[in-house]
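To start, the structure under review is shown below, and the notes come after it.
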Amino acid sequence: MTRYLISFDDGAMTFPEEELPEVAEASHAVVRKAQDAGVWVFGGGLERQQASLVDTDGTVTDGPYPETKAVLGGFSIIDVPSHEDALEWAAKIAAACRCAQEVREIMPDAAV
């Protein structure tokens with residue numbers, strides 16, 4: 001099996017705020033289906049623009065970083081047999097979240 005990162009940009013969810021409970025329930029339903037299928041690893045939404053940059057020398061700079069064009073809004077990690085399977089789960093997540101999702105293969109861990 002291969003792990004995939006399914007993610008979306010912050011701000012990509014552009015539905016009216018009053019629809020948030022419905023979107024949240026649809027999203028949680030997809031997570032439950034992925035858990036039941038045994039493909040769910042981990043996921044969650046991220047606080048907007050709340051990042052700290054730690055440099056190689058240990059220097060810490062707190063965000064936000066307005067020069068950044070795209071900011072990760074949320075992500076899911078799934079473990080599935082194929083890229084096609086990852087795309088199918090991404091489509092389910094996209095429909096539930098009402099926003100497009102990016103799908104990227106995670107490199108295998110050499111220690112595993």
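What's counted below: heavy atoms across the whole structure, side chains too, no hydrogens, waters or symmetry copies.
- Rounding to the nearest 0.5 Å gives a distance of 8.5 Å between CE of Met13 and CZ of Arg98.
- Not a single donor-acceptor pair under 3.5 Å links the side chain of Tyr4 to the backbone N or O of Ile77.
- Put simply, Val39 and Val41 are part of two different groups of oily side chains (I, L, V, M, F, W, Y) that touch within less than 4.5 Å, one to the next.
- Neither Val23 nor Ile6 shares a network with the other; the hydrophobic side chains, linked directly or stepwise wherever heavy atoms of I, L, V, M, F, W or Y lie under 4.5 Å apart, form separate groups for each.
- If you take OG on Ser27 and CZ on Arg32, they are separated by 10.0 Å, rounding to the nearest 0.5 Å.
- Side-chain N or O atoms of Asp62 include none that pairs as donor or acceptor with a backbone N or O of Ser52 at under 3.5 Å.
- Distance CG/Leu5 to CD/Gln101: 9.5 Å, rounded to 0.5 Å.
- How far CZ of Arg3 is from CG of Asp79: 5.0 Å, rounded to the nearest 0.5 Å.
- Val31 and Ile93 fall within a single hydrophobic cluster, where Ile, Leu, Val, Met, Phe, Trp and Tyr are joined by side-chain heavy atoms under 4.5 Å apart, directly or via other members.
- Taken together through direct or relayed side-chain contacts under 4.5 Å among Ile, Leu, Val, Met, Phe, Trp and Tyr, Trp40 and Phe75 form parts of separate hydrophobic clusters.
- Under a hydrophobic-cluster definition in which Ile, Leu, Val, Met, Phe, Trp and Tyr are linked whenever side-chain heavy atoms come within less than 4.5 Å, directly or via other members, Phe8 and Leu87 are assigned to different clusters.
- For the atom pair Ser76 OG and Lys92 NZ, the distance stands at 12.5 Å (nearest 0.5 Å).
- Proximity of a side-chain donor or acceptor of Thr59 to a complementary backbone N or O of Asp55 within less than 3.5 Å is not detected.
- Taken to the nearest 0.5 Å, the CG atom of Leu72 stands 7.5 Å off from the CG atom of Asp9.
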